[in-house]
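Every chain is numbered from 1 and lettered A, B, ... according to where its sequence line falls, protein lines coming before strand lines.
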2 protein chains.
Amino acid sequence: MQTFTEENYLKTIYKLSEGSAPVSTNQLAAILNTKAASVTDMLKKLSEKKLIDYTRYYGVTLTEVGKKIAVDVVRRHRLWEYFLVEKLNFKWDEVHDMAEELEHISSTELVDRLDQFMDYPAYDPHGDPIPDKHGRIKHHEFKPISQLDVDESGVISGVREHSPPFLQYLEKLNLMLGNQIRVIEILAYDQSVVLTVNQSENKISISKEAAKNILVTS
Amino acid sequence: MQTFTEENYLKTIYKLSEGSAPVSTNQLAAILNTKAASVTDMLKKLSEKKLIDYTRYYGVTLTEVGKKIAVDVVRRHRLWEYFLVEKLNFKWDEVHDMAEELEHISSTELVDRLDQFMDYPAYDPHGDPIPDKHGRIKHHEFKPISQLDVDESGVISGVREHSPPFLQYLEKLNLMLGNQIRVIEILAYDQSVVLTVNQSENKISISKEAAKNILVTS
DNA sequence: ATAAATTATTAGACTAATCTAAATATTTAT
DNA sequence: ATAAATATTTAGATTAGTCTAATAATTTAT
Ligand SMILES: [Mn+2]
Ligand SMILES: [Mn+2]
Ligand SMILES: [Mn+2]
Ligand SMILES: [Mn+2]
């Protein structure tokens, strides 16, 4: 059994180590809103418990056991987010903080029943894949809008940035999951993208930054 | 904002102080599975925070603010239990421990939405009333089976003991909420009760102890 | 009314998780 | 290759919650 704190560290290491690259102390401190010294303390502890491989001054990676726990926390987080949106009618910008608490409820049986209750959803409200009970994850073929050419289209399937203001902004522009967009123009001087949503007449313009954070499938 | 531990103390004081009687240190220690010394420490802290009125060597009662929090924790506990049974199909003997964790999820909005999602249930799976969002509680006119006379009948509406073994025992005898029982005989020598369930031919016998812990409405 | 038993509080210590400040290692720039 | 900047770790404190052992207050029994 892990404490909430340990689970949060494991989850964060997992998310930062895209493809098993070692994660640094400062990266963790920044995301976990704590100090580097505290991170070092916790890394020693998790290393003791064989949940991570940690080398001083070098970085940290998850062991198989640690990774399993991390994926399970991610599973719980995303299933609860799905529940909050689909069953309790919260909006996609409202659910993250609640899921941060709910992800630490320990019962495996509870999460599996929740999964069944919702008919085994594959993606959470932000388009992130939900690991199944064995930790298997489906990967979308995502591409940010910023990588589309003029006249290319795609279906919005995920976001790279989860902050409520960004999600609310997308909602205002009708840039929500499932909607189809088509790139009309890419402005030369700042790479901002002009596009249409769901074949509408209406052209909208988004910054290069925003375009990088909206993911589409084709 | 309170910690989990503080919430558990407040909830326990609330439950032990039926009708505002002061609660003792040892009572709390027993139920909270801790030591009297730890209880004293926490009582000082809760008193500082004005959530309880505490007099050394005398006992403790809740302030209005403390009571409000306690009732809210009870509300969350019972709503989650209802959710687990009605939506996720857990049995009534399986849900308490999960609800012990879920009751500490802080969002008020979440609990209110959950309440709405389930259409404002009045009683939890054990027959205990669920306080509404303003802290109002409906009280059943409960009576234990042990107080019924021969030939009297009633509908099972609650239990006084929540341990899984007891609940499983009741289930085995079909003594579940909503079922009607009729007292056939009360044995003189040990006050055990012979009764029928839902007009069945089948007579079952339960101890005096069990009869005290099953509550009926007439 | 005194002694004995019970109940409750205090004193002092421990663990988990955190912090600041100081020291050390590594990386980058000159 | 050395100095400067950055990143990381260690040392030492702090807070919440808990514990055991010792002390004090209250209640019960004689
Ligand atoms: Mn989230
Ligand atoms: Mn998400
Ligand atoms: Mn319960
Ligand atoms: Mn209950």
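Judged by the 6.0 Å distance and 45° axis criteria, Lys87(A) is positioned over the aromatic ring of Phe117(A).
Atom CG of Asn33(A) is separated from atom C1' of dC19(C) by 14 Å (rounded to the nearest Å). Separating the CZ atom of Phe4(A) from the P atom of dT18(C) is a distance of 13 Å, rounded to the nearest angstrom. Straight-line distance from the CD atom of Gln2(B) to the C1' atom of dA16(D): 15 Å, rounded to whole Å. Here the C1' atom of nucleotide dT9(C) and the CE atom of Met42(B) are 16 Å apart, to the nearest Å.
Scanning for salt bridge (Lys or Arg N to Asp or Glu O under 4.0 Å) contacts around Arg113(B) gives Glu109(B), with sequence neighbours left out.
In this model, the phosphate group of dC19(D) is approached by a side-chain N or O of Thr34(B) to a distance below 4.0 Å at OP1 or OP2. For the OP1/OP2 pair of dT20(C) and a distance below 4.0 Å, the side-chain nitrogens and oxygens of Lys35(A) include at least one atom meeting the criterion.
Side-chain contact annotation: Glu209(A) with Ser207(A), donor-acceptor N/O pair under 3.5 Å absent. Side-chain atoms of His77(A) and Asp124(A) form no donor-acceptor pair, as typed in the model, at a separation below 3.5 Å.
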Let me have a per-nucleotide readout for nucleotides 6-15 of chain D, 5' to 3', with B, S or -, counting only protein heavy atoms under 4.0 Å. -SBBB-----

Residues Thr25(B), Arg56(B); criterion side-chain contact (heavy atoms from CB on, under 4.5 Å); working and verdict: CA-CA 10 Å; Thr25(B) 301; Arg56(B) 288 169 62 215; over 6 Å; no

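Two residues are said to be in side-chain contact when any heavy atoms from C-beta on lie closer than 4.5 Å; His126(B) and Leu167(B) meet this criterion.
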